[in-house]
Q: 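So that we are looking at the same thing, I have put the structure below in structure tokens.
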Amino acid sequence: MLKKRIIPCLDIKDGKVVKGIHFNGLKEVGDPVELARHYDEQGADEIVFLDITATYENRDTMYALVEEAAGSLSIPLAIGGGVRHLDDFRKVLLCGADKISINSAAIREPELINQAAREFGSQCVVVAIDAKKNKQTNRFEVYIKGGRENTGIDLVAWAKECQQRGAGEILLTSMDKDGTQSGYDIEMLQAVCVATSIPVIASGGCGEVDDIIEVFKKTDCDAALVASLFHYGISTISEVKERLKENNIPVR
């Protein structure tokens with residue numbers, strides 16, 4: 001079994017780390033570079049920066065912030081938000097990022113996945129998917145623009161297409177679970193894990209260490225994205241990894 005990754009996620013708005021519930025009610029948490037360094041020192045395997053309003057506000061990503069963070073971290077940095085074109089990929093990678101996460105841009109122009117994978121390698125291309133269950137049809141549907149717009153696209157079909165186009169990873173967020181601290185969406189995550197063979201990062205709903213243990217035991221996810229648990233000091237990365245080891249879950 002491949003070793004599982006623990007990845008702190010820093011949602012960024014106006015240069016500050018924020019956290020909300022169901023993508024709403026955002027509260028300021030702290031400085032992104034300081035928090036990223038802190039999590040690096042604690043033993044995080046990667047850091048994710050998500051500029052959560054860049055796409056909605058139709059602006060570029062936070063290049064200066066990326067450069068500052070990348071220069072002070074010893075672990076990979078993934079950036080999402082405001083990346084719309086191949087040239088944006090190039091700019092962010094030149095700032096020192098290791099991976100680029102695209103969401104709305106991938107839906108609008110799926111060929112961007114192919115282009116980025118060819119130009120920079122699949123290992124750089126993460127497709128982030130925000131999804132929610134349609135209670136009438138009982139299927140999971142893909143949302144864009146920071147969860148504001150339902151595309152009506154079937155989640156599993158889209159995840160399979162992303163893999164076929166060259167995505168190296170899928171970062172899957174359950175909008176129903178986001179910020180609730182009630183546990184990951186096991187059903188949604190496993191549906192995508194079964195349908196694809198690339199790494200799936202679980203996102204949305206982590207409130208305690210047991211939630212991370214559960215997602216690794218009940219799904220084939222390769223990594224857990226964590227926000228509130230670390231931001232609010234409920235647990236540390238080292239404590240999480242120790243608990244995972246105790247439960248025979250291999251970690252880095």
Side-chain angles (χ1 to χ4, degrees), residues 1-9 11 23 45-52 55 76-81 83-84 89 92 97-118 120-133 139-147 150-178 184-206 212 215-216 218-227:
M1 184 189 290
L2 289 174
K3 291 182 178 179
K4 305 297 186 181
R5 289 172 288 152
I6 302 299
I7 306 175
C9 179
D11 289 344
F23 288 37
D45 296 301
E46 296 178 24
I47 297 288
V48 171
F49 276 7
L50 294 180
D51 190 342
I52 59 173
T55 298
L77 175 64
I79 303 297
V83 176
R84 296 180 287 272
F89 265 84
V92 177
D98 300 275
K99 299 178 182 180
I100 310 293
S101 168
I102 51 174
N103 187 331
S104 301
I107 291 284
R108 281 196 303 267
E109 188 186 348
E111 184 63 25
L112 180 60
I113 303 170
N114 304 66
Q115 293 170 350
R118 281 195 302 267
F120 307 112
S122 289
Q123 80 284 348
C124 288
V125 185
V126 181
V127 176
I129 308 176
D130 299 328
K132 192 174 184 178
K133 182 173 250 188
R139 70 173 195 158
F140 298 108
E141 294 175 346
V142 177
Y143 282 68
I144 58 171
K145 295 182 180 176
N150 183 4
T151 65
I153 294 170
D154 179 76
L155 165 64
V156 173
W158 174 235
K160 289 166 76 172
E161 181 178 344
C162 291
Q163 175 176 318
Q164 289 163 359
R165 287 182 175 276
E169 288 183 302
I170 290 171
L171 197 172
L172 180 55
T173 300
S174 167
M175 292 177 62
D176 292 317
K177 289 286 194 171
D178 177 71
Y184 293 96
D185 193 325
I186 301 298
E187 181 190 0
M188 175 188 287
L189 290 163
Q190 187 60 2
V192 171
C193 287
V194 168
T196 60
S197 59
I198 56 176
V200 175
I201 303 168
S203 170
C206 180
I212 302 174
V215 81
F216 287 144
K218 294 185 177 179
T219 78
D220 296 314
C221 286
D222 295 80
L225 205 71
V226 184

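Values in this document were obtained by computation on a predicted structure and should not be read as measured data. Positions are given from 1 along the sequence.
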Q: Looking at side-chain heavy atoms only, is the closest gap between Asp185 and Phe140 below 4.5 Å?
A: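 They are in contact (side-chain heavy atoms under 4.5 Å apart), so the answer is yes.
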
Q: Has Lys4 got a side-chain atom pairing as donor or acceptor with Cys221's backbone, closer than 3.5 angstrom?
A: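 Pair found, side chain donor or acceptor close to backbone of Cys221.
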
Q: Does the side chain of Lys218 come within less than 4.5 Å of Tyr184's, by heavy atoms?
A: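 No - every pair of side-chain heavy atoms lies 4.5 Å or more apart.
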
Q: Quick one, Val215 with Ile186, criterion side-chain contact (heavy atoms from CB on, under 4.5 Å). Give me CA distance, side-chain angles, the key distance, then yes/no.
A: CA-CA 6 Å; Val215 81; Ile186 301 298; 4.1 Å; yes

Q: State, with a plain yes or no, whether a side-chain heavy atom of Leu155 is found less than 4.5 Å away from one of Arg139.
A: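 Sidechains of Arg139 and Leu155: no contact.
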
Q: Heavy-atom distance under 4.5 Å between the side chains of Ile7 and Ile47, does that happen here?
A: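 Contact flag for Ile7/Ile47 side chains = no.
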
Q: For residues Phe49 and Asp51, determine if any side-chain heavy atom of one lies less than 4.5 Å from a side-chain heavy atom of the other.
A: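 Contact flag for Phe49/Asp51 side chains = no.
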
Q: Please answer whether the main-chain N or O of Lys145 pairs with a side-chain N or O of Ser104 as donor and acceptor at a distance below 3.5 Å.
A: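 Side chain of Ser104 to backbone of Lys145, a donor-acceptor pair under 3.5 Å: yes, one is there.
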
Q: CD1 of Ile153 to CD of Glu161: how many Å apart, nearest 0.5 Å?
A: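 Here the interatomic distance stands at 8.0 Å.
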
Q: State whether the number of non-hydrogen atoms from other residues, nucleotides or ligands found under 6.0 Å of Lys132 atom NZ is greater than 12.
A: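 Open.
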
Q: Distance from Ile107 atom CD1 to Cys162 atom SG, nearest 0.5 Å?
A: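 Answer for the CD1-SG pair, Ile107 versus Cys162, is 7.0 Å.
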
Q: State, to 0.1 Å, how close Val125 and Ala117 come at their nearest heavy-atom pair, and which atoms those are.
A: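 Of all heavy-atom pairs spanning Val125 and Ala117, the closest is CG2-N, 3.8 Å.
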
Q: To the nearest 0.5 angstrom, please state how far the CZ atom of Phe89 sits from the CG atom of Leu112.
A: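 Reported to 0.5 Å precision, the distance equals 5.0 Å.
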
Q: Measuring from Lys133:NZ to Lys177:NZ, what's the distance to the nearest 0.5 Å?
A: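 Answer for the NZ-NZ pair, Lys133 versus Lys177, is 11.5 Å.
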
Q: When you look at NZ of Lys160, are more than 12 heavy atoms from neighbouring residues, nucleotides or ligands closer to it than 6.0 Å?
A: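 No, because the 6.0 Å sphere around NZ of Lys160 holds 12 heavy atoms or fewer from other groups.
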
Q: Atom CG in Leu50, atom OG in Ser101: separation rounded to 0.5 Å?
A: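 If I round to the nearest 0.5 Å, the distance is 6.0 Å.
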
Q: Does Asp130 reach the side chain of Ile144, with side-chain heavy atoms less than 4.5 Å apart?
A: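 Side chain of Asp130 against side chain of Ile144, heavy atoms only: no contact under 4.5 Å found.
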
Q: Mind checking what makes side-chain contact (heavy atoms from CB on, under 4.5 Å) contact with Gln164, not counting sequence neighbours?
A: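 Applying side-chain contact (heavy atoms from CB on, under 4.5 Å) to Gln164 gives none.
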
Q: What distance do Ile170 atom CD1 and Trp158 atom CH2 have between them, rounded to the nearest 0.5 Å?
A: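 Interatomic distance, Ile170 CD1 to Trp158 CH2, rounded to 0.5 Å: 9.5 Å.
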
Q: Looking only at heavy atoms, which two atoms of Tyr143 and Asn103 are closest? And how far apart?
A: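 Looking at all heavy atoms of both residues, the shortest contact is O-OD1, 3.8 Å.
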
Q: Quick one, Gln123 with Glu169, criterion side-chain contact (heavy atoms from CB on, under 4.5 Å). Give me CA distance, side-chain angles, the key distance, then yes/no.
A: CA-CA 8 Å; Gln123 80 284 348; Glu169 288 183 302; over 6 Å; no

Q: Looking only at non-hydrogen atoms, find the nearest pair between Ala97 and Ile100 and report the distance.
A: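 What the structure gives for the nearest pair is CB-CD1, 4.4 Å.
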
Q: What donor-acceptor contacts under 3.5 angstrom involve side-chain atoms of residues 195-205, with partners at least two apart or in another chain?
A:
{"unit_1": "Thr196", "atom_1": "OG1", "unit_2": "Val192", "atom_2": "O", "d": "2.8"}
{"unit_1": "Ser197", "atom_1": "OG", "unit_2": "Gln163", "atom_2": "NE2", "d": "2.9"}
{"unit_1": "Ser203", "atom_1": "OG", "unit_2": "Thr173", "atom_2": "OG1", "d": "2.8"}

Q: Using side chain to side chain donor-acceptor pair (under 3.5 Å) as the criterion, list what pairs up with Gln190, not counting sequence neighbours.
A: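 By the side chain to side chain donor-acceptor pair (under 3.5 Å) rule, Gln190 matches Asp220.
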
Q: What's the shortest heavy-atom distance between Pro76 and Asp98, and which atoms?
A: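 Pro76 and Asp98 have their closest heavy atoms at CA-OD2, 3.2 Å.
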
